[in-house]
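Read the structure below first, then the notes.
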Protein chains: 2
Amino acid sequence: MRRDIFHAIADPTRRAIIALIALQAMTPNALADNFQTTRQAVSKHLRVLTECELVQQEQLGREIYYSLRVDRLQEIDHWLSQYKQLWETRFTQLDSVLATLKHQNP
Amino acid sequence: MRRDIFHAIADPTRRAIIALIALQAMTPNALADNFQTTRQAVSKHLRVLTECELVQQEQLGREIYYSLRVDRLQEIDHWLSQYKQLWETRFTQLDSVLATLKHQNP
DNA sequence: TATATTTGCAACCAATCGGTTTCATACTCC
DNA sequence: GGAGTATGAAACCGATTGGTTGCAAATATA
């Protein structure tokens, strides 16, 4: 099973879940109210997000509140960073940037 | 068919292709040499990357050189940016950040 | 205790995915 | 023109995905 963070954010429903719980912790039932799917489907998405440690749970009575582990999104930012200099740099500096990137990825 | 950029980068082989053609334009055959799959499989990945405009082609004789459209990766960076302030901000400022984020996503 | 609520998990299903094999097309070189 | 090379497209296949329904466990409430 491929359960990396890139796979996790590939699904639009999961990105919507991420957007919701970034604002405040929510229960599976409360989350499911925002989608046209069943609660169980949302639960399966939460399982995927949990398995790649993108969310954390806090149990309060019989309710489980899911919230976003924002720090985990840095992994994507880190992956992006190697290309970011490519689009942020002017053409005249492109050669040196390419050399740097080549050095970082032998 | 879900052909957005998040789906495109979800596959590890496609991310490897992106890393390769970020350095220099490459033909499908040259790309396939770097993987333990067939050229046709690489070609299918290139089709996905093309359909979401992550790569561009340049035909030279019977060879087609694929290169990365780095600017397209900004879409992911833009998606990340709404969460970036969450992990870059200290806890004491968190409330105002959440308010801002809530305003951006009504 | 009995009932209702919240949740996770298993079984199943159609659709999609990544891969292969095969074939057709287009270009290069002799 | 003919042989070889580079490529894309189609057909097929097993595995995975996202979804559903049904059920069991745990908690709250009467």
Side-chain angles (χ1 to χ4, degrees), chain A residues 1-21 23-69 76 79, chain B residues 1-21 23-69 76 79:
Chain A
M1 241 171 277
R2 199 178 66 231
R3 281 289 148 85
D4 59 41
I5 199 172
F6 293 96
H7 168 244
I9 65 165
D11 184 82
T13 303
R14 280 197 289 269
R15 289 200 301 279
I17 291 176
I18 288 175
L20 285 168
I21 62 177
L23 304 175
Q24 56 184 353
M26 293 177 74
T27 64
N29 260 332
L31 277 168
D33 287 341
N34 294 273
F35 304 102
Q36 291 174 331
T37 63
T38 59
R39 174 193 60 79
Q40 284 89 338
V42 171
S43 233
K44 283 180 81 169
H45 284 305
L46 285 171
R47 200 155 93 99
V48 173
L49 293 171
T50 302
E51 280 174 9
C52 60
E53 297 172 305
L54 255 171
V55 303
Q56 56 195 173
Q57 315 174 14
E58 188 188 1
Q59 182 132 15
L60 284 177
R62 66 184 161 190
E63 293 180 327
I64 301 179
Y65 284 84
Y66 286 85
S67 57
L68 182 63
R69 286 193 48 184
I76 300 168
W79 176 79
Chain B
M1 243 171 278
R2 199 179 63 233
R3 280 290 150 84
D4 59 42
I5 199 172
F6 293 97
H7 169 245
I9 65 166
D11 184 81
T13 303
R14 280 197 289 269
R15 288 199 302 278
I17 290 176
I18 288 174
L20 285 168
I21 63 177
L23 304 174
Q24 56 184 350
M26 293 177 74
T27 65
N29 260 331
L31 277 168
D33 288 341
N34 294 274
F35 304 102
Q36 291 173 332
T37 63
T38 59
R39 173 193 61 79
Q40 285 88 340
V42 172
S43 233
K44 284 180 80 170
H45 284 305
L46 285 171
R47 198 156 93 99
V48 174
L49 293 171
T50 302
E51 280 175 6
C52 62
E53 298 173 305
L54 254 170
V55 304
Q56 56 196 171
Q57 315 175 16
E58 187 187 2
Q59 182 132 14
L60 285 176
R62 65 184 161 191
E63 293 180 326
I64 300 178
Y65 285 83
Y66 287 84
S67 56
L68 182 63
R69 286 192 48 183
I76 299 168
W79 176 79

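Proteins come first, then strands; the chains are lettered A, B, ... in the order of their sequence lines, and each starts at number 1. Remember, predicted model here, so these are calculated numbers, not experimental data. Basis for what follows: all heavy atoms, side chains included, without hydrogens, waters or symmetry-related copies.
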Rounded to the Å, how far apart are [X] [atom1] and [N] [atom2]?
| X | N | atom1 | atom2 | answer |
| --- | --- | --- | --- | --- |
| A:L31 | D:dG18 | CG | P | 16 Å |
| A:Y65 | C:dG8 | OH | P | 13 Å |
| A:Q40 | D:dT17 | CD | C1' | 17 Å |
| A:D4 | D:dT16 | CG | C1' | 14 Å |
| B:L46 | C:dG19 | CG | C1' | 15 Å |
| A:R47 | C:dT7 | CZ | P | 17 Å |
| A:I64 | C:dT5 | CD1 | C1' | 13 Å |

Starting at the 5' end of DNA chain D, which residue's closest nucleotide do you reach first, A:V42 or A:L60?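 Closest to the 5' end, via its nearest nucleotide, is A:V42.
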Does any donor-acceptor pair link the side chain of [X] with the base of [N] at a separation under 3.5 Å?
| X | N | answer |
| --- | --- | --- |
| A:R62 | C:dT5 | yes |
| B:Q57 | D:dG8 | no |
| B:K44 | D:dG8 | no |
| B:E63 | D:dT7 | no |

Using a cut-off of strictly less than 4.0 Å, decide whether [X] has a side-chain nitrogen or oxygen near OP1 or OP2 of [N].
| X | N | answer |
| --- | --- | --- |
| B:H7 | C:dT16 | no |
| A:H45 | D:dT17 | no |
| A:R39 | D:dT20 | no |
| B:T38 | C:dT20 | yes |
| B:N29 | D:dT7 | yes |
| A:Y66 | C:dG8 | yes |
| A:S43 | C:dG8 | yes |

Is it true that B:K44 and B:D11 have a side-chain N and a carboxylate O under 4.0 angstrom from each other?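 Salt bridge flag = no for B:D11 with B:K44.
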Just by distance, do the side chain of B:Q59 and the backbone of B:G61 share a donor-acceptor pair under 3.5 Å? yes
